[in-house]
Amino acid sequence: MSSLPRLQSPSPNHHPPPPSSSLASLSSFSCQISASHRFIPHRLRRRGIRFDGDDGLRIRKIAAAAQSNDYESKHYDLRQSDSNSSASFSKLKIGIIGFGNFGQFLAKTLIRQGHSVLAHSRSDHSLTASSLGVSFFSDPNDLCEEHPEVILLCTSILSTESVLRSLPLQRLKRSTLFVDVLSVKEFPRSLFLQILPPDFDVLCTHPMFGPESGKNGWAGLPFVYDKVRVGESGIRVRRCEDFIDVFRREGCRMVEMSCAEHDEFAAGSQFITHMMGRVLEKLDLKDTPINTKGYESLLNLVENTSKDSFELFYGLFLYNKNAMEQLERMDFAFQMVKRQLFGNLHGLLRRQLLQGSVETRKVKELSPAAAQNGTAATAHDHL
């Protein structure tokens with residue numbers, strides 16, 4: 001009852017309540033919104049869309065301004081329009097460490113979405129950065145003194161530790177959010193927790209696509225993330241969500257899972273894919289005028305994996321503890337197939353040899369009789 005006077009005397013920024021002449025109808029209205037709030041997250045969570053306490057407050061605000069009875073549809077439509085509105089999310093200041101192909105690839109989308117992007121790399125990419133609208137810093141001290149809200153590591157797997165240890169962390173704000181985009185996850189998670197001060201937030205991510213597979217957009221492509229350590233304050237929680245929303249707004253398939261789960265799955269998919277591509281590359285497969293669809297798929301696999309550096313492939317093997325197990329399983333499977341092939345071949349040869357020996361034995365059995373018949377025939381001729 002205490003909230004009713006506030007509805008009757010709204011503040012200047014308060015939206016007018018929905019048309020209602022009684023407290024009963026207002027109560028019914030709230031029940032409908034509460035029901036839709038419970039229903040929508042469950043339905044959308046399968047797409048990776050999650051709702052926190054702030055979203056619940058947003059629902060109630062939307063309900064207060066609604067003029068139709070289709071409150072669930074209204075809320076969903078507003079969420080959809082928010083995803084395309086440049087004014088519906090906070091603009092982040094993001095510092096990219098490692099401005100190679102992948103760093104530049106991500107920077108294009110970050111800039112297009114309206115974020116402020118800084119970059120540092122061992123190589124001079126100042127001209128490329130300038131063309132993209134990115135501020136490039138050859139000295140990491142200068143970048144850190146700009147106090148970016150997010151440090152995005154786009155380094156190779158093998159160089160991550162040395163790069164992370166070289167950053168002047170003391171020049172950053174204590175609550176800076178650190179994000180990686182490596183193809184392995186337990187390794188950077190361990191590094192972050194070991195090297196970064198406890199006040200720093202940690203988000204481990206893996207966009208499971210790159211400049212080639214994502215050149216026509218990111219819609220439907222998987223983005224894996226693990227909120228390893230995020231402060232409880234609303235600002236830090238919102239900042240983490242704003243970064244994740246970069247990929248959600250592009251239509252990525254959002255997958256939240258632990259770093260350990262990611263590495264287990266990746267070893268059975270990503271590492272195997274790269275391994276088979278590398279093996280087939282050694283066979284020097286050629287395009288032919290009678291390619292089958294399956295063979296063309298193999299050629300595409302070789303082409304896609306060969307574009308990635310061996311350093312990446314080696315990192316997938318070295319820094320994912322599940323990779324060795326998969327490699328041993330592949331070797332065992334290869335040997336099993338070979339044994340199956342040679343086993344069938346041995347059976348065929350054995351049957352042929354046995355058949356030949358039987359025929360030989362028959363010939364030998366017939367030979368004495370034939371000889372005797374031949375001798376008798378000769379004697380008869382003499383007579």
* To do: Measure the spacing between OG of S183 and CG of N320 and express it to the nearest 0.5 Å.
  => 10.0 Å

* Between atom CD1 of I151 and atom CG of L143, what is the distance when rounded to the nearest 0.5 Å? -> 5.5 Å

* **Presence of salt bridge, D245 and R238, under 4.0 angstrom** => yes

* Run the numbers on L285 and Y295 for side-chain contact (heavy atoms from CB on, under 4.5 Å), then give the verdict. => CA-CA 9 Å; L285 302 180; Y295 186 70; 3.6 Å; yes

* Within 6.0 Å of CZ in R171, more than 12 heavy atoms from elsewhere -> yes

* Can you check whether C259's main-chain N or O pairs, donor with acceptor, with E186's side chain at less than 3.5 Å? -> no

* Check step by step if side-chain contact (heavy atoms from CB on, under 4.5 Å) holds for T109 and W218. => CA-CA 10 Å; T109 297; W218 303 355; 3.2 Å; yes

* Asked: Has the side chain of H125 got a donor or acceptor atom that lies under 3.5 Å from a matching backbone atom of H120?
  -> no

* Asked: Do side-chain atoms of D201 reach the backbone of G231 as a donor and acceptor pair under 3.5 angstrom?
  -> yes

* To do: Tell me, yes or no, whether the heavy-atom count around Q340 atom CD, taken from other residues, nucleotides or ligands under 6.0 Å, exceeds 12.
  => no

* Could you tell me whether the side chain of F102 reaches within less than 4.5 Å of the side chain of P211, counting heavy atoms only? => yes

* Asked: For the hydrophobic clusters of this structure (ILVMFWY residues joined by side-chain heavy atoms under 4.5 Å, transitively), does one cluster hold both I272 and F209?
  -> no

* Measure the spacing between CZ of F200 and OG1 of T176 and express it to the nearest 0.5 Å. => 4.5 Å

* Near R122 CZ, under 6.0 Å, is it more than 12 heavy atoms from other residues, nucleotides or ligands? -> no

* Judged by atom type as modelled, is there a donor-acceptor pair below 3.5 Å linking the side chain of S213 to the main-chain atoms of G210? -> yes

* **Note: D180-K185 ion pair, threshold 4.0 Å (strictly below)** => yes

* Asked: Do V134 and I96 come within less than 4.5 Å of each other through their side chains, counting heavy atoms only?
  -> no

* Asked: E281 versus T305: any side-chain heavy-atom pair under 4.5 Å?
  -> no

* Would one find more than 12 heavy atoms of other residues, nucleotides or ligands at under 6.0 Å from atom CG of N101? -> no

* Within-4.5 Å side-chain heavy-atom neighbours: L164 and F178 -> yes

* Between NZ of K307 and CD of E303, what distance do you get to the nearest 0.5 Å? -> 4.5 Å

* Structure fact -> Distance col, row R189:CZ vs R229:CZ, nearest 0.5 angstrom, shows 9.5 Å

* To do: Test R253 against M208 for side-chain contact (heavy atoms from CB on, under 4.5 Å), laying out the working first.
  => CA-CA 10 Å; R253 178 162 57 87; M208 301 193 71; over 6 Å; no

* Check whether any side-chain N or O of E256 sits under 3.5 Å from a backbone N or O of Y225 as a donor-acceptor pair, and report yes or no. => no

* Do other residues, nucleotides or ligands put more than 12 heavy atoms under 6.0 Å from the NZ atom of K108? -> no

* **Shared hydrophobic cluster, F105 / L221 (ILVMFWY, side-chain heavy atoms < 4.5 Å)** => yes

* **Side-chain (S130) to main-chain (L127) donor-acceptor, under 3.5 angstrom** => no

* Single hit among T160, L153, L203 for side chain to side chain contact (heavy atoms under 4.5 Å, CB included) with F192 -> L153

* To do: Starting from the C-alpha separation in whole Å, work towards a yes-or-no answer on salt bridge (Lys or Arg N to Asp or Glu O under 4.0 Å) for K91 and E149.
  => CA-CA 10 Å; K91 305 299 191 299; E149 300 165 87; over 6 Å; no

* Asked: Any side-chain donor paired with an acceptor under 3.5 Å for S297 and N300?
  -> no

* Asked: Relative to the ring of F313, is the ring of F310 parallel (under 30°), tilted (30 to 60°) or perpendicular (over 60°)?
  -> perpendicular

* With no hydrogens and no angle check, is any side-chain donor or acceptor of D263 less than 3.5 Å from a backbone partner on V184? -> no

* Asked: Does Q113 use its side chain to pair, donor to acceptor, with the backbone of V246 at less than 3.5 Å?
  -> yes

* E250 side chain reached by F223 side chain, heavy atoms, under 4.5 Å -> no

* Asked: Are F247 and L106 close enough that some pair of their side-chain heavy atoms sits under 4.5 Å apart?
  -> yes

* Asked: Side chains of S175 and D199: closer than 4.5 Å at any heavy-atom pair?
  -> no

* Asked: Are more than 12 heavy atoms from other residues, nucleotides or ligands located less than 6.0 Å from atom CZ of R174?
  -> no

* To do: Nearest 0.5 Å please: distance from the CG atom of L316 over to the CE atom of M275.
  => 12.0 Å

* Mind checking whether V302 and F271 sit in one hydrophobic cluster, side chains of I, L, V, M, F, W, Y counted as touching below 4.5 Å? -> yes

* Is any side-chain N of the basic residue among R239 and D242 closer than 4.0 Å to the acidic one's carboxylate O? -> no

* Find out whether D124 and F136 are in side-chain contact, i.e. whether some heavy atom of one side chain is under 4.5 Å from a heavy atom of the other. => yes

* Above 12 or not: heavy atoms from other molecules or residues under 6.0 Å from CD1 of I235? -> no

* **With M257 via side-chain contact (heavy atoms from CB on, under 4.5 Å) - residues at least two apart** => V224, V255, E261, H262, F265

* **Residues L169, L196; criterion side-chain contact (heavy atoms from CB on, under 4.5 Å); working and verdict** => CA-CA 8 Å; L169 302 179; L196 297 179; 3.9 Å; yes

